[in-house]
Amino acid sequence: MDTAVVWFRDDLRLTDNPTLAEAVATAETVVPIYVTDPRRQGDTRYGTAKRGPIRAAFRRACLADLRHSLRERGGELLIRDGRVEDVLPALVADLEVDAVYAQTTPGTEEQHRERAVWKALPDAVTIERRWTHTLYHPADLPTPVTHIDDTFTPWRTDLEKSDVTVREPVAAPEEIRLPPDCQNPGELPRRTTRAVPEDDRAVMTFDGGETAGKRRVESYLWEGDHLREYKQTRNGLLGMDYSSKFSPWLAAGCLSPRWIHREITRYEKERVANEDTYWLVFELLWRDYFQFQLHKHGADLFTPSGIRDCEVDWRRDRTAFRRWAAGETGVPFVDANMRELNRTGYISNRGRQNVASFLADALEVDWRWGAAYFEERLIDYDVASNWGNWAYQAGVGNDSRDNHFNVLGQAEYYDPDAEYVTTWLPALEGLPPEYAHRPWRASETAEYDLELGVDYPRPMIDVEARYEELENG
Ligand SMILES: Cc1cc2nc3c(=O)[nH]c(=O)nc-3n(C[C@H](O)[C@H](O)[C@H](O)COP(=O)(O)OP(=O)(O)OC[C@H]3O[C@@H](n4cnc5c(N)ncnc54)[C@H](O)[C@@H]3O)c2cc1C
């Protein structure tokens with residue numbers, strides 16, 4: 001084969017990137033390309049942006065890093081603007097390309113785009129699609145993806161009982177040969193004109209790209225030695241090391257889960273193997289599970305009634321939704337998390353579960369509005385993980401539970417000193433924890449100088465009564 005194109009998507013890495021490795025091994029010359037398709041930057045049907053400025057800046061840095069790494073090996077990263085089904089066929093014709101290699105992922109829009117590209121390519125061009133973003137390859141699963149259980153635990157138990165193993169990561173190519181007529185690399189996406197907030201309360205600085213992703217693995221596993229206590233710390237709320245923070249790099253494909261798995265295995269051999277080290281693999285299995293579930297259920301995941309077809313009369317209350325999104329509900333644990341999300345693009349898993357439950361369970365607002373808002377804001381947004389977790393939390397997805405989270409109880413348990421809420425809501429500083437989590441009680445005593453509606457919002461609902469109602473059926 002003379003020339004192959006590698007169409008980079010959410011796989012912005014060199015290490016363990018099978019599309020790149022196979023193209024380099026098979027073709028004389030290779031043309032890596034990334035297409036900034038305007039449809040990834042528009043609005044969702046819910047009026048939210050598909051990608052906010054924080055994730056846009058992260059992605060730009062991922063592309064700069066990828067381009068740098070490709071250049072170091074003699075290659076290049078072409079960057080082109082436009083609809084991908086127009087850009088790729090034009091490139092293929094220009095450079096007389098024989099094959100196109102690309103990652104395939106289960107998102108419905110991603111699938112749609114992929115099909116449009118394949119349709120637009122001439123028959124003579126070979127199409128090489130590879131599933132490259134999960135720990136386990138779907139072809140290796142004991143049960144075909146289309147038939148996997150809709151509950152996580154039986155699926156995981158079957159997998160772990162089987163003799164299926166994680167495939168070995170493939171090495172980064174040492175050299176990339178570009179065709180001689182491959183000119184004009186193209187500009188990185190423009191810096192976003194919308195401000196990217198900086199906030200020293202952020203859990204950490206997330207620099208985009210494979211180089212920074214690997215640095216984070218080095219720092220979390222090897223230098224900090226935090227994996228040995230991951231299960232015990234993972235419900236934390238403040239700081240860099242209560243959890244791995246690998247998610248932004250996994251979502252953009254700067255890190256491959258198989259490569260992380262190999263690092264965990266090495267850590268288990270060289271340092272310690274315990275329940276905590278296993279638990280990071282367990283979480284990567286959750287990630288796989290949501291990917292396979294999206295593959296199985298497709299567009300059904302995005303419906304109000306979800307994959308289980310549960311009839312729920314969701315409220316479409318824009319005012320309630322806006323207060324939730326802005327972190328102005330008057331319920332501190334919800335507001336602190338939403339403000340952290342808005343300022344930094346990241347919140348803990350515990351925080352995500354609570355704000356999602358508050359919107360869907362306590363306010364009964366359409367869960368899809370919340371999922372779309374996360375899609376805009378999260379630095380680690382991933383279609384399967386986000387919509388899958390939201391549907392789960394709203395009671396219309398996998399493992400669905402009728403149980404809501406009692407946000408007040410959760411706050412008192414996971415933030416006993418109210419350090420987290422006061423970090424994000426300085427108006428509540430100085431209140432004892434029981435009042436910082438329930439400021440409406442503080443405002444009833446003369447002892448504390450807190451005026452609700454002035455210093456901090458009045459709660460939008462009687463949240464204590466609401467949880468009593470939910471708890472008593
Ligand atoms: C409502 C809601 C929305 C979410 N949206 C996203 C999203 O868009 N993108 C995303 O990557 N995660 C999402 N999650 C899952 C989880 O909250 C994040 O992966 C995690 O908080 C990221 O931090 P970490 O890398 O430090 O996680 P760690 O605790 O260190 O976990 C390691 C890795 O395991 C995976 N993982 C952990 N928990 C989950 C989970 N529940 N579902 C899927 N994968 C998981 C992630 O890839 C994560 O990086 C969501 C969870 C909820 C409840």
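Counting convention: from 1, in listed order, for ligands and their atoms alike.
A salt bridge links R266 with E263; the closest basic N to acidic carboxylate O contact falls under 4.0 Å. Contact check on K296 versus D149 returns no salt bridge, with no Lys/Arg side-chain nitrogen under 4.0 Å from an Asp/Glu carboxylate oxygen.
With sequence neighbours left out, F206 forms a ring-ring contact (aromatic ring centres under 6.0 Å, His included) with W249, Y346. A search for side chain to side chain donor-acceptor pair (under 3.5 Å) contacts involving R156 returns E160, Y278, not counting sequence neighbours. For K214, the side chain to side chain contact (heavy atoms under 4.5 Å, CB included) criterion is met by T15, E210, L255, W259, not counting sequence neighbours.
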For ligand 1, list every N/O pair with the protein closer than 3.5 Å, one pair per line with the distance.
from	atom 1	to	atom 2	distance (Å)
ligand 1	5 (N)	N386	OD1	3.2
ligand 1	8 (O)	D382	N	3.1
ligand 1	9 (N)	D380	O	2.8
ligand 1	17 (O)	N349	OD1	2.8
ligand 1	21 (O)	N349	N	3.4
ligand 1	23 (O)	Y346	OH	2.8
ligand 1	25 (O)	K245	N	3.4
ligand 1	25 (O)	F246	N	3.1
ligand 1	25 (O)	S247	N	3.1
ligand 1	25 (O)	S247	OG	3.4
ligand 1	26 (O)	S243	OG	2.6
ligand 1	26 (O)	S244	N	3.4
ligand 1	26 (O)	K245	N	2.6
ligand 1	26 (O)	Y346	OH	3.3
ligand 1	29 (O)	Y230	OH	2.5
ligand 1	30 (O)	S244	N	2.8
ligand 1	30 (O)	S244	OG	2.6
ligand 1	31 (O)	Y230	OH	3.4
ligand 1	38 (N)	E283	OE1	3.2
ligand 1	41 (N)	N389	OD1	3.3
ligand 1	42 (N)	N389	ND2	3.0
ligand 1	49 (O)	S247	N	3.2

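Note on ring orientation: taking the six-membered ring where Trp is involved, the planes of W324 and F374 are parallel (angle under 30°, cut-offs 30° and 60°).
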